[in-house]
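In what follows, every heavy atom counts, from backbone to side chain, and hydrogens, waters and symmetry copies are set aside. What you are looking at is a predicted structure, and each value in this text was computed from that prediction instead of being measured.
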Amino acid sequence: MILKTTEVHGVVQAIIVPHEASLSNAELFKEEMITLVSNGAKLILLSFENVNYIDSSFLGSLVVALKFAMPRNADICLVALKPDVKNLLTLIRMDKVFKIYKDFQHALEAVK
C-alpha cells in the first residue's frame, strides 16, 4: 500500500507513505489513485509530506491518475510538498497542471 487515506467531509486525504516516489512504486500508486476515483472520490488531496525524492515514472503515474479523474469530474490537489519536490514540479511546470497547497487545512479552505 502506497497511500494512507482518510475521508473528511467527502474529501479524500491521501498521504504517500514511502520516502521515495519512484519506478518501484509508481504502478501501485497509479492503481490506488484510480481505485479511489473509481470508488467515487471527487476530490483527492494528495500529501507529499513523507516524500523526499520523486522520479519521472512516478510523475507519469500522477498525470495518468489526473487524466483518469478529470472526465469523471474528480480533481487531485497536491499538499505538503518538500522544497526539492516543489522546485522540481515548478521546473517542469506541473504547478500549472495541479493545484498545490501548503497543507490539508489550506487546501480544504481553498476548495470550499
Side-chain angles (χ1 to χ4, degrees):
M1 181 164 75
I2 301 299
L3 300 174
K4 178 182 171 189
T5 61
T6 57
E7 188 172 331
V8 178
H9 305 296
V11 176
V12 174
Q13 296 181 352
I15 299 171
I16 300 170
V17 176
H19 295 287
E20 289 192 2
S22 63
L23 176 62
S24 64
N25 51 28
E27 187 65 29
L28 184 55
F29 166 76
K30 180 176 70 175
E31 290 171 9
E32 289 184 29
M33 290 293 290
I34 287 173
T35 299
L36 288 172
V37 174
S38 295
N39 289 341
K42 293 297 180 191
L43 178 59
I44 300 171
L45 304 181
L46 183 61
S47 175
F48 282 74
E49 65 193 58
N50 297 323
V51 178
N52 297 317
Y53 171 81
I54 187 167
D55 73 6
S56 59
S57 58
F58 198 91
L59 287 170
S61 291
L62 184 59
V63 171
V64 168
L66 182 63
K67 284 185 163 189
F68 183 83
M70 289 172 56
R72 290 159 182 83
N73 296 317
D75 198 8
I76 300 168
C77 299
L78 312 182
V79 303
L81 299 169
K82 292 190 177 174
D84 287 346
V85 174
K86 186 173 185 181
N87 289 340
L88 174 64
L89 291 178
T90 302
L91 179 70
I92 61 173
R93 302 184 60 85
M94 289 297 223
D95 60 329
K96 307 296 182 206
V97 177
F98 293 94
K99 296 179 201 94
I100 299 175
Y101 300 99
K102 180 180 175 183
D103 53 32
F104 284 129
Q105 189 62 40
H106 283 91
L108 288 169
E109 290 170 4
V111 298
K112 289 190 175 193

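Contact check for F58 versus N25: side-chain heavy atoms found under the 4.5 Å cut-off. Considering only heavy atoms from C-beta on, E32 comes within 4.5 Å of M1 through its side chain. Side-chain atoms of F29 and L3, non-hydrogen and from C-beta on, do get closer than 4.5 Å to each other. At least one side-chain heavy atom of L88 sits less than 4.5 Å from a side-chain heavy atom of L59.
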Just distance, no hydrogens or angles: give the donor-acceptor pairs under 3.5 Å from side chains in residues 33-40, sequence neighbours left out.
from: T35; atom 1: OG1; to: E31; atom 2: O; distance (Å): 2.8
from: S38; atom 1: OG; to: I34; atom 2: O; distance (Å): 2.9
from: N39; atom 1: ND2; to: T35; atom 2: O; distance (Å): 3.3

Donor-acceptor list for residues 72-85 side chains, cut-off 3.5 Å, not counting sequence neighbours:
from: R72; atom 1: NH1; to: F68; atom 2: O; distance (Å): 2.7
from: D75; atom 1: OD2; to: K99; atom 2: NZ; distance (Å): 2.4
from: K82; atom 1: NZ; to: E49; atom 2: O; distance (Å): 3.4
from: K82; atom 1: NZ; to: N52; atom 2: OD1; distance (Å): 2.8

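Contact between H106 and Y101 at its shortest, heavy atoms only, is O-CD2, 4.1 Å. Closest approach of S61 to A26, counting heavy atoms only: OG-O, 3.1 Å.
In terms of hydrophobic clustering, with Ile, Leu, Val, Met, Phe, Trp and Tyr side chains grouped at heavy-atom distances under 4.5 Å, V12 and V111 are assigned to different clusters. At a threshold of 4.5 Å between side-chain heavy atoms, the hydrophobic network of Ile, Leu, Val, Met, Phe, Trp and Tyr places L89 and F104 in two separate groups. Both I92 and L66 sit in one connected hydrophobic cluster of ILVMFWY residues. Membership requires side-chain heavy atoms under 4.5 Å apart, directly or through other members. L28 and V63 end up in the same hydrophobic cluster when Ile, Leu, Val, Met, Phe, Trp and Tyr side chains are linked at under 4.5 Å.
In this structure, CG in D95 is found 4.0 Å from OG1 in T90, a value given to the nearest 0.5 Å. Atom CG of L62 and atom NZ of K30 lie 12.0 Å apart (nearest 0.5 Å). The distance from atom NE2 of H19 to atom CD1 of I54, rounded to the nearest 0.5 Å, is 14.5 Å. Atom CG of L43 sits about 11.0 Å away from atom CG of L46, to the nearest 0.5 Å. From E20, atom CD reaches atom OH of Y53 across 7.0 Å, with rounding to the nearest 0.5 Å. Atom-to-atom distance recorded for I15:CD1 and S47:OG is 5.0 Å, nearest 0.5 angstrom.
Formation of a donor-acceptor pair under 3.5 Å by the N50 side chain with backbone atoms of I16 is found in this model.
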* Full working for side-chain contact (heavy atoms from CB on, under 4.5 Å) between L108 and V11 -> CA-CA 8 Å; L108 288 169; V11 176; 4.0 Å; yes
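Within a 6.0 Å sphere centred on NZ of K4, other residues, nucleotides and ligands contribute 12 heavy atoms or fewer.
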